[in-house]
Asks: 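Could you have a look at this structure, given as structure tokens, before my questions?
Lettering follows sequence order; numbering is per chain, from 1. All heavy atoms count here, side chains included; hydrogens, waters and symmetry mates do not.
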Amino acid sequence: MLPEHSPFSPEQRQTLETLIAGLSVPQRFWLAGYLSADETATAVRAPAAPVAATKLAILFGTESGNSEKLANLSAKEAKKRGFAPAVKNVADITLADLAKIENLLVIISTWGDGDAPETATTFVKELTTTTLALPKLRYSVCALGDTSYEKFCQTGKDVDARLEAFGATRIFPRQDCDVDYEDAHRNWLDGALKAFGPAETSPTVSIAPISAQATVEYGRKNPFQAELTERVLLNGEGTSKETWHYEISLEGSGLAYEPGDSLAVIPTNAPDVVEGILKSSRLTGSESVALNGSGEKTVADALREDFDVTALSRPVLTKLQAFAQSKKLATLLAEDAKEQFKDYLWGRWIADAIADFAPQGISAADLVSILRKLPPRLYSISSSPLAHTGEVHITVASVRYHAHGTDRKGVASTYLADLVQKGGRVPVYTNTNKNFRMPASGDTPIIMVGPGTGVAPFRAFVEHRAALGQTGKSWLFFGDQHYTYDFLYQLEWQEHLASGALTRLDVAFSRDQPEKVYVQHRLQDRAKELYDWLENGAHFYVCGDANRMAHDVHGALVSIVENQGAKSRDAAEAYVEDLKKSKRYQRDVY
Amino acid sequence: MSDKTLAKLSANEGIKIRSNYLRGTIEDGLANLSTGALSEDDQQLIKFHGSYQQDDRDLRPNRGKHRLEKAYSFMLRIRVPGGVATPAQWLDVDRVASAYANGTIKLTTRQAFQLHGIIKTNLKRTIKEINDSAMDTIAACGDVNRNVMCNPNPFLSSIHDQVLKAARDISDHLTPRTRAYHEIWLDDEKITSSEVEEEPIYGKTYLPRKFKITIAVPPSNDVDIYANDLSFIAIVEKGTLTGYNVAVGGGMGMTHGNEATFPRLAEVIGFCKPDQVVDVAEKVVLVQRDYGDRTDRKHARLKYTIEDRGIGWFASELNRYLGYKLKPAKPFEFKHNGDRFGWVEDEAGNFHYTLFVEGGRVLDTADYPMRTGLREIAKIHDGDFRLTANQNLIIANVSAKKRVEVEALLEKYGLAQSHKRSALRLNSIACVALPTCGLALAEAERYLPDVITNLEEKLEQVGLRHDAITIRMTGCPNGCGRPFISEIGFVGRGPDRYNVYLGGGHAGQRLSKLYRQDVPADQIQPVLAPILEHYAKERAEGEHFGDFVIRTGYVAATAQGNDFHKNIKPAALPASR
Ligand code: SRM
Ligand SMILES: Cc1cc2nc3c(=O)[nH]c(=O)nc-3n(C[C@H](O)[C@H](O)[C@H](O)COP(=O)(O)OP(=O)(O)OC[C@H]3O[C@@H](n4cnc5c(N)ncnc54)[C@H](O)[C@@H]3O)c2cc1C
Ligand SMILES: Cc1cc2nc3c(=O)[nH]c(=O)nc-3n(C[C@H](O)[C@H](O)[C@H](O)COP(=O)(O)O)c2cc1C
Ligand code: SF4
């Protein structure tokens, strides 16, 4: 029986019930998928929802799009359960709008070092600096994060706390999600929706989970097995860097992307790394383990393909302690030992922890029970789909370092560098990034600041403008260690300059002279022209290192506006804040 | 000049004319950060400023694969007239070598410093800092007078003071007057177009080709006067400098397979008084400026002007330019062109230490921290440093009381042993060649040491360890290591292939002759070992190797440049082997 409050007139319910009753299970699934896939179609078929439906606001704050995906998924599900959901990006609302909301779901991620996503900073800042009274608001928060970061899900936690402080009612507890967030989210959503309204049982609920997957697209659950068609080392002999250019074929995948998007790569762990954790666990590797969903596997295979076997985090160590019962680990996990804990994590892997705290080893089943799923890695796409039809290019710096007496390496970057040969396959899917987009008009001047691998998306930008014959001025600021060895894509930039696709190029190489020179210094050197460009409507893009570069470049930008525009510090900051709001200042930093 | 005559002129003449006194577009070129290179024309012009654009030839093959242009960098040649530098200047060059160059200092065959591997973005500050240290790079290269050499004679300090002054006066007098150098590198005011600018000596087109001047003090011909355009041979009578013999028309450079090009010995044409030296130098330059061949760069040196018109013509034309006649040349004798190593004391009671610097390359290696040692010495040294024309270094004018300190440092850094080597090695010169030299056809500086090591075994056997034989290797026939006037000369023809020349004069007074063409690198030892053995057994009393190989018929003697390519024995050519 369709629910009373379902958005149908009694007549409609009548016909639908008889119709559905006459459908086979496959037919129902198909219909569910079809309807949920095609919003507009549904909208046309069913007249505008009557007042009966409970309004539900779903706010998301995102950097790389996960929260947005989940927000849309939540909306579909909520609709099925009879809600009238409205999805919004926190970037597009003001605190005042909150007062108008009665039922709210928030899905927001954490970035940088416990910071809000770029586009959510303003909203979160206001939320934490002003006070409101929201007695009528009922809400629940789903926080996206990564347990390998110290400030796990910080932004979600903050938002949750503030709303409570404003007198709003948390009708369902906050869910903190690690990088493998699907299941956690689904459970949270189910619980939260039930808490909001009279939750429904069959037929919708039984359909819901399937309908969520019904729309077939390549994603983290089913990545596209793409061929690696070309690999080029971009650093010259004599360098201390290792930056690779990878060309990947998307032929037949139907995967599409735009400049500014990123490519997710699903790596496998290196044999020697798997060896290491097996050794410290005192396992042979042939022990078999059960995986929820994908059946049985030898632990060696599971460790290579399914689990994050390196990144140390509090959750992992807490779970390990359950088996290890180690005094040393207990003291390290103690609330008052935060600093020691941090120091211990630095440069260590899970294998080190097992060796240190569970010298006796650990069973295969226990081992996989303390590990999280192997998260995909994102790479800014460095190709224009127009310039390289059917291909996607990425520019990856291999992470290799020495710590605690052994050489260590990054999982995904060295998976690509060491384990995938030309002609081999890489599991990938594309990841849209609405917050890093070329200007709508090809005439708008663009300033691109991209040192190191940060240059990746700008290769795509310039190729794209060249392909479209767009004539807007473009100015690239690039930097790395040495001019002679680390000038990524130098020959290509020379061609783009010659053809006019790139108007200006400024470079900063930090180790070519006694004093260190970085892109922010070059920006300062060009302060006057740069400000003129901004005044003439230029968009300002920054990509690359989040920890220092992005911050220093931001500082340079503000002081350039301050000095060249003869403005007060506050006025300059407002000017830059405006650039952000009007999407003329966009960042893709990591 | 009409377009017609312009057309006939060699390309560089047009570049010079268009350059507005050597400015060209160098400043814009430096500002363009997308490439480490300069435009073709500016690459020619920058030579006049003392720098050559180069690229690391070791890296060339793979650069494109990395989507990088060639590994461009600049070589910087620092003028040191007479080869005398102060300890402070040494320390500055040493510092700059680490800060902007490849960490080595090259002591050249013309008593200058060279730095390699300076990238474009560092070139300006490097030149500026060199000038701050009272040295310069202008006219170190280009179609002008180059670094003026003079014998760094440690024995007669009073004479050395006079010849050094002469060398400096000549150098100053012939330094280009253009402001371009100061505008581009030292941020001096631009000359506003209204003011007319003058190059009183050179004019807009400078010289047809490079021009080289030396001053020698017999019996040492260490500066190799016979390989220079113009040389002054100091005539010392009863301890006083009475004047100079004037020699003109020497040069080394030639091109494989082009017999119209050849090395040539300078000829002595007369004698002048000490106070006429600068005037004579200027007028020789002017004659070459006006008569030198500007249509063919391979035929533009003074040696060809003289070869074509005759030495008699040149002498009288010079006298005309001078307005007076040179006196008849005075007798003199050169005994050698090598250096004397270790400590010597001069008449004034000061001490001089000549250090052997293999290939003229000052650098630190794990087992031989030469550069550090010299830096430490420079910090306490109260005399001066003298670069020799054989790429070695003299720690000169060490006071008696300082000598102990200097000796201690020489010991500490292993420099005291520098000349405990075979006489063959001590008398060797190798040009730079690979990887920086753009003209190199084969290795030289990086390879000659191995060649000598292979020969030393033989020398030990036959007891020649202490016999001085001059041996020189260059990577191409331009002859930067003056290989055609050494007793044994190797000249690169291609990768691992060398022409072997024999019979040069021990004092650099006679050209050598081709003995074997295209000898594979690993065949050099087998080719030479028997001749050395023969020399050890059958040489006459005091007979030099260069004379021996002629007497015993390995090669015919070469009388002068125009005879260099003649009388080559059939056995020399691969065809007949
Ligand atoms: C550094 C030095 C050799 C060394 O190992 O010391 C040298 C190095 C070069 N010489 Fe030289 N020449 C050097 C002394 C000589 C000499 C010896 C001398 O002057 O006593 C000669 C033979 C004498 C003569 O001039 O005939 C010499 C004859 C040449 C020539 C041939 C000139 C000719 O008339 O044929 C060239 C090529 C050219 O000029 O076209 C040349 C060109 C070059 C260049 C600049 C190659 C180029 O033009 O691109 C070499 C730079 C290599 C590098 O990577 O540093 N270099 N060059 C010497 C620097 C002297 C200085 O401080 O000014
Ligand atoms: C939106 C986005 C775009 C990106 N674009 C690019 C791109 O275009 N190119 C690119 O190369 N990367 C890019 N990245 C980063 C990329 O996703 C990966 O984070 C990076 O390649 C490292 O992943 P990994 O698996 O190789 O290393 P991991 O296995 O994740 O190891 C990294 C960890 O190793 C440790 N570590 C690393 N170095 C040291 C050290 N010296 N000492 C001690 N510990 C150390 C740190 O804990 C670090 O977190 C992007 C990231 C995002 C989010
Ligand atoms: C550069 C970077 C920094 C991050 N910092 C944190 C952090 O401090 N705390 C955290 O819990 N998660 C952190 N994360 C993990 C993200 O929150 C996680 O990937 C999330 O799924 C992203 O969701 P979004 O696509 O909606 O932005 C970080 C991720 C990246 C790439
Ligand atoms: S001789 Fe030839 S190879 Fe050697 S430095 Fe001179 S030009 Fe270069």
Side-chain angles (χ1 to χ4, degrees), chain A residues 230-239 241-247 382 393 395 455 459 462 475-515 517 519 521-522 525-526, chain B residues 28-40 53-76 91-92 94-104 115-130 132 434-436:
Chain A
E230 189 54 87
R231 42 183 302 148
V232 176
L233 182 59
L234 295 173
N235 304 94
E237 203 179 316
T239 182
K241 305 289 282 298
E242 181 188 330
T243 315
W244 287 93
H245 168 79
Y246 297 107
E247 299 186 354
S382 53
H393 302 174
T395 311
V455 80
R459 179 176 180 267
V462 174
W475 189 353
L476 173 65
F477 288 85
F478 174 73
D480 210 309
Q481 284 185 359
H482 293 288
Y483 188 102
T484 310
Y485 313 118
D486 307 321
F487 198 154
L488 308 185
Y489 300 109
Q490 182 183 27
L491 292 180
E492 295 187 9
W493 300 127
Q494 290 179 356
E495 284 165 22
H496 289 310
L497 282 164
S499 77
L502 179 62
T503 317
R504 287 190 67 168
L505 173 63
D506 273 292
V507 295
F509 289 90
S510 57
R511 306 202 181 171
D512 281 338
Q513 58 289 310
E515 75 282 0
V517 181
V519 279
H521 301 115
R522 286 284 171 268
D525 296 344
R526 304 276 183 264
Chain B
D28 304 348
L30 292 174
N32 174 2
L33 299 177
S34 66
T35 172
L38 291 173
S39 75
E40 295 284 329
Q53 180 180 307
Q54 307 181 314
D55 76 283
D56 188 328
R57 295 180 59 182
D58 289 346
L59 302 183
R60 245 186 226 179
N62 293 325
R63 296 286 295 178
K65 293 196 196 114
H66 300 303
R67 304 200 179 177
L68 295 164
E69 69 181 6
K70 286 182 188 168
Y72 292 113
S73 69
F74 291 79
M75 175 269 276
L76 191 64
L91 289 173
D92 283 326
D94 179 79
R95 176 182 53 78
V96 170
S98 303
Y100 311 124
N102 67 359
T104 73
L115 300 175
H116 290 100
I118 302 166
I119 60 172
K120 193 169 82 176
T121 48
N122 282 331
L123 189 55
K124 181 168 179 169
R125 62 198 291 177
T126 308
I127 293 178
K128 175 126 184 25
E129 290 179 30
I130 290 300
D132 292 344
L434 295 168
T436 53

Asks: Taking side chain as everything from C-beta outward and backbone as N, CA, C, O, which of these in A:Val507 sits under 4.5 Å from a heavy atom of chain B? Side chain, backbone, both or neither.
Replies: both
Asks: Report which part of A:Tyr485 has an atom under 4.5 Å of a heavy atom belonging to chain B: side chain, backbone, both, or neither.
Replies: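 A:Tyr485 touches chain B through backbone and side-chain heavy atoms alike.
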Asks: For A:Leu233 and B:His66, which heavy atoms make the closest approach, and how far apart are they?
Replies: O-ND1, 2.8 Å
Asks: Salt bridge (charged side-chain N to carboxylate O under 4.0 Å, His left out), that's the test. Do A:Glu515 and B:Arg125 meet it? Break it down for me.
Replies: CA-CA 13 Å; A:Glu515 75 282 0; B:Arg125 62 198 291 177; 3.0 Å; yes
Asks: Report yes or no: does A:Asp512 contribute a side-chain atom to a donor-acceptor pair with the main-chain N or O of B:Asn122 at less than 3.5 Å?
Replies: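 Side chain of A:Asp512 to backbone of B:Asn122: no pair is present.
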Asks: Quick one: does A:Tyr483's side chain have a donor or acceptor within less than 3.5 Å of a partner on B:Thr121's backbone?
Replies: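 Not confirmed, A:Tyr483 side chain does not pair with B:Thr121 backbone.
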Asks: Most heavy-atom pairs under 4.5 angstrom with chain A, which of B:Leu59, B:Asn62, B:Asp56, B:Asp58?
Replies: B:Leu59
Asks: Checking B:Leu33 against chain A: side chain, backbone, both or neither under 4.5 Å from a heavy atom?
Replies: both
Asks: Could you tell me which portion of A:Leu234 (side chain, backbone, both or neither) has an atom closer than 4.5 angstrom to a non-hydrogen atom of chain B?
Replies: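 Contact with chain B: backbone and side chain both.
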Asks: A:Gln490 side chain to B:Ser34 main-chain N or O, any donor-acceptor pair under 3.5 Å?
Replies: yes
Asks: Which heavy atom of B:Leu68 sits nearest a heavy atom of A:Asn235, and at what distance?
Replies: CD1-C, 4.2 Å
Asks: Mind checking the CG-CG spacing from B:Asn32 to A:Leu497? Nearest 0.5 Å is all I need.
Replies: 7.5 Å
Asks: Looking at OG1 of B:Thr126 and CD of A:Gln513, how far apart are the two atoms once the value is rounded to the nearest 0.5 Å?
Replies: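 Spacing of OG1 (B:Thr126) from CD (A:Gln513) equals 10.5 Å.
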Asks: List the steps, then state whether side-chain contact (heavy atoms from CB on, under 4.5 Å) holds for A:Leu491 with B:Glu69.
Replies: CA-CA 6 Å; A:Leu491 292 180; B:Glu69 69 181 6; 3.8 Å; yes
Asks: Side chain, backbone, both or neither: which part of A:Glu237 has an atom under 4.5 Å from a heavy atom of chain B?
Replies: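 The answer is both parts of A:Glu237.
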